[in-house]
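Chain A is the first sequence line, chain B the second, and so forth, proteins listed ahead of strands; every chain is numbered from 1. Only heavy atoms go into these numbers, but all of them, side chains included; no hydrogens, no water, no symmetry mates.
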Amino acid sequence: MKLLIIAGPPSGGKTAVIRQVIKNLPEGSLPAFLKIDVVHATEDQELAEEFDIPVKKIYSGDVCPDHMGILVLDDALHWAESISRNILIIESAGLCLRCTPYTTYSLGIAVVSAISGTNSPFKMAPLLALADVAVVTKTDLVSQAEKEVFRESIRKVVPNIDIVETNAIQGTGLRYLMRRIADQPDIGPEPIVLRGAPPLGVCTICIGKKEIGWKNHFGVIRPLDMPEPLYRGD
Amino acid sequence: MQQFTPQQFTLTIQSGKNRFGEQEGFESIEIRPGDTLSIVGPTGSGKSALINDIENLAQGDSVTGRRILINGEEPPESFVREPAFKPISLITQNTRCLADLSVEAFMLMHIRARRPGREDLLDETINLANTFTGEEISLKSRMSGLSGGQTRALMIADALVIGDTPILLLDEIENAGIFKDRVIQSLQGGNKAVILVTHDPYLALTASRRIVMKHGGVSSVIEPTGQEQHLIEDLAIVEDRLHQIREKIRMGAAFSSGSSKVLMTAAAQGLQFNRV
Ligand SMILES: Nc1nc2c(ncn2[C@@H]2O[C@H](COP(=O)(O)OP(=O)(O)OP(=O)(O)O)[C@@H](O)[C@H]2O)c(=O)[nH]1
Ligand SMILES: [Mg+2]
Ligand SMILES: [Zn+2]
Ligand SMILES: [Zn+2]
């Protein structure tokens with residue numbers, strides 16, 4: 001089983017890239033797809049209809065969707081295996097730019113759009129830094145110079161990352177991504193673990209308490225003029 | 001940092017298929033420094049796709065299935081993926097820049113990508129850009145605040161000075177509020193191969209070859225035999241007349257019904273040509 005984890009901010013082009021990936025998978029590939037989102041997603045149905053592949057979707061509700069993704073990943077792999085699939089494609093919600101959903105034994109693909117602003121790579125440094133490949137979409141909407149400047153700003157955040165530029169609607173330039181996917185080894189024998197240490201969403205806001213002010217909460221909290229967060233509770 | 005001596009540079013386009021799956025109307029097109037090629041055809045006929053195939057150095061992996069060779073071979077990956085090695089500059093139709101940067105910061109980042117260590121090219125680029133536009137661009141301007149004409153002017157200057165590549169692709173430069181003549185003059189200077197998508201009859205005909213697009217593929221490649229020379233000369237006169245009328249209108253002139261008949265027919269002809 002191969003594992004592809006595709007992450008990136010909302011509307012960056014993750015599903016557009018996944019469509020191209022599914023269309024161009026090496027012969028013998030049997031993909032299954034899992035979408036993780038917060039409250040609303042339709043790509044599971046769309047991809048099932050378009051490619052006739054097994055799909056699943058999970059809503060994370062109040063929990064960080066990347067955390068949710070990690071919680072269900074093991075089950076998802078068992079599911080894909082149980083229906084004799086050999087490649088599991090996971091699309092994250094990408095709402096939490098501090099979390100990175102990539103694990104060991106996965107190909108981590110960060111999808112960012114060329115129109116998201118020159119500073120956006122700095123704002124989502126963890127998402128890029130731990131990825132294997134950065135796919136830059138919507139290059140058809142910017143000039144060549146702007147595309148190259150955007151590439152430069154990704155390089156500033158992660159000097160050696162493999163960058164693939166594409167018009168994801170047409171699939172141009174994705175041959176380099178497809179090569180990475182073809183070369184990606186199957187999941188190995190060791191337990192799968194997260195690559196990075198995610199920031200934990202562990203406070204009572206996470207579970208739905210609405211009061212403002214740290215005095216009303218427990219878990220990891222922070223007064224305004226305290227340099228570090230602190231833990232309150234037991 | 002330049003990777004090529006232009007003298008030994010050949011780009012080859014190997015044919016692919018049009019939207020109906022039919023083989024294109026040529027086998028291969030070889031392009032060398034100093035060549036100019038125009039690409040003509042109706043909207044949606046595949047002009048930009050051809051330009052994009054060249055820019056991406058497609059290897060049979062785009063919808064058209066074309067292959068682009070450099071010096072007769074499949075180019076190394078760095079030619080496609082590393083701006084510092086890329087032998088091709090493309091000026092697209094996009095006349096808006098979305099980057100949230102000043103002109104200076106943007107250009108310096110582009111220099112870092114294309115020509116590391118050549119920060120001295122910054123002033124040259126801005127100065128050249130300002131010869132292409134009537135609205136002065138300053139280093140402190142925001143990229144996203146530039147007008148369409150200013151952006152175009154800057155992108156062309158960027159391609160010529162910072163890119164300085166043996167191949168230059170232009171997608172309809174004429175619609176952009178720039179001094180077309182000065183741009184064309186600069187393009188012809190540097191022993192580059194220039195490939196331009198155009199609706200402008202004068203630009204289309206003066207190119208040394210003309211690629212005609214239809215249904216997503218190349219339908220023919222026309223090599224002028226000199227028989228179009230008369231037409232080009234006529235067009236030059238029409239262009240000149242049009243230019244004069246345009247200037248007069250700009251200066252507030254009104255025209256009486258008795259205005260030169262020749263002028264009017266010439267203008268009418270010209271307008272027809274321009275309205276493809
Ligand atoms: N022009 C252009 N549009 C693109 C490109 N990639 C994606 N889009 C469009 O951008 C929009 C968002 O793309 P999606 O693939 O749905 O983005 P996403 O990251 O999956 O979005 P969410 O899953 O909702 O977070 C869609 O309308 C796509 O058609 C591209 O390369 N060029
Ligand atoms: Mg999606
Ligand atoms: Zn998170
Ligand atoms: Zn929380």
Side-chain angles (χ1 to χ4, degrees), chain A residues 12 19-21 23-26 112-123 133-157 159-183, chain B residues 48-49 51-53 55-64 77 80-84 86 88-103 105-116 125 143-144 146 151-152 154-159 161-163 165 168-171:
Chain A
R19 279 200 167 85
Q20 297 294 343
V21 166
K23 257 186 240 171
N24 295 294
L25 279 174
V112 288
S113 107
I115 60 173
S116 59
T118 326
N119 292 322
S120 66
F122 298 94
K123 295 178 192 161
V133 188
V135 176
V136 179
T137 58
K138 310 195 189 185
T139 56
D140 52 309
L141 302 180
V142 299
S143 62
Q144 187 193 49
E146 187 161 11
K147 176 174 85 177
E148 291 174 2
V149 165
F150 192 76
R151 159 185 281 268
E152 194 60 24
S153 73
I154 294 179
R155 278 274 147 87
K156 265 195 189 165
V157 177
N160 294 316
I161 192 165
D162 194 8
I163 299 173
V164 175
E165 292 159 337
T166 185
N167 167 353
I169 307 240
Q170 308 265 340
T172 50
L174 286 178
R175 57 187 133 143
Y176 305 113
L177 178 65
M178 295 319 297
R179 191 176 59 197
R180 281 300 290 261
I181 292 173
D183 293 348
Chain B
S48 295
I51 289 273
N52 288 330
D53 277 354
E55 202 247 350
N56 290 317
L57 294 162
Q59 297 301 321
D61 57 341
S62 67
V63 280
T64 62
E77 212 169 300
V80 191
R81 305 186 75 188
E82 295 296 332
K86 189 162 195 153
I88 297 169
S89 298
L90 165 67
I91 295 145
T92 45
Q93 278 170 305
N94 301 314
T95 48
R96 277 267 154 225
C97 198
L98 303 152
D100 34 7
L101 293 173
S102 68
V103 169
F106 183 90
M107 288 295 146
L108 285 174
M109 266 178 96
H110 199 216
I111 289 173
R112 212 167 296 137
R114 280 256 176 186
R115 304 283 290 278
T125 310
M143 285 301 293
S144 51
L146 298 181
T151 310
R152 242 332 146 72
L154 195 61
M155 291 300 134
I156 297 170
D158 170 273
V161 178
I162 297 172
T165 51
L168 206 57
L169 308 172
L170 298 110
D171 204 346

When only pairs under 4.5 Å are counted, which of A:N167, A:L141, A:I115 shares the most heavy-atom pairs with chain B? A:L141

Ignoring hydrogens, what is the shortest heavy-atom contact between A:Q144 and B:S89? Give both atom names and the distance. OE1-CA, 3.3 Å

Give, as side chain, backbone, both or neither, the part of A:D140 having an atom under 4.5 angstrom from any heavy atom of chain B. backbone

What residue in B:M143, B:R81, B:M107 has the most heavy-atom pairs under 4.5 Å with chain A? B:R81

State the CD-CZ distance between B:E82 and A:R151, to the nearest 0.5 angstrom. 5.5 Å

Closer than 3.5 angstrom, by distance alone: can the side chain of B:D61 be matched with the main-chain N or O of A:G173 as a donor-acceptor pair? no

For the residue pair B:T92 and A:S143, what are the closest heavy atoms and their distance? OG1-CA, 3.6 Å

Could you measure the distance from the CD atom of B:E55 to the OG1 atom of A:T172? Nearest 0.5 Å is fine. 9.0 Å

Is the backbone of B:L98 close enough, under 3.5 Å, to the side chain of A:E146 for a donor and an acceptor to pair up by distance? yes

Proximity breakdown for A:L174 and chain B, heavy-atom pairs closer than 4.5 Å: neither

Please state whether the side chain, the backbone, both or neither of B:D100 comes within less than 4.5 Å of a heavy atom of chain A. both

Checking heavy atoms, do the side chain of A:S153, its backbone, both or neither come under 4.5 Å from chain B? both

Pick whichever of B:C97, B:A159, B:S62 has the most heavy-atom pairs under 4.5 Å with chain A. B:C97

Please report the shortest heavy-atom distance between A:R175 and B:N56, naming the atom on each side. NH2-O, 2.7 Å

Where do A:V149 and B:M109 come nearest, in terms of heavy atoms and distance? O-CE, 3.5 Å

What's the spacing between B:I162 CD1 and A:E148 CD if we round to 0.5 Å? 10.0 Å

Taking C-beta and beyond as the side chain, do A:R155 and B:R112 meet within less than 4.5 Å on heavy atoms? no

Shortest non-hydrogen pair, B:A99 vs A:T118, comes out as CB-OG1, 3.3 Å

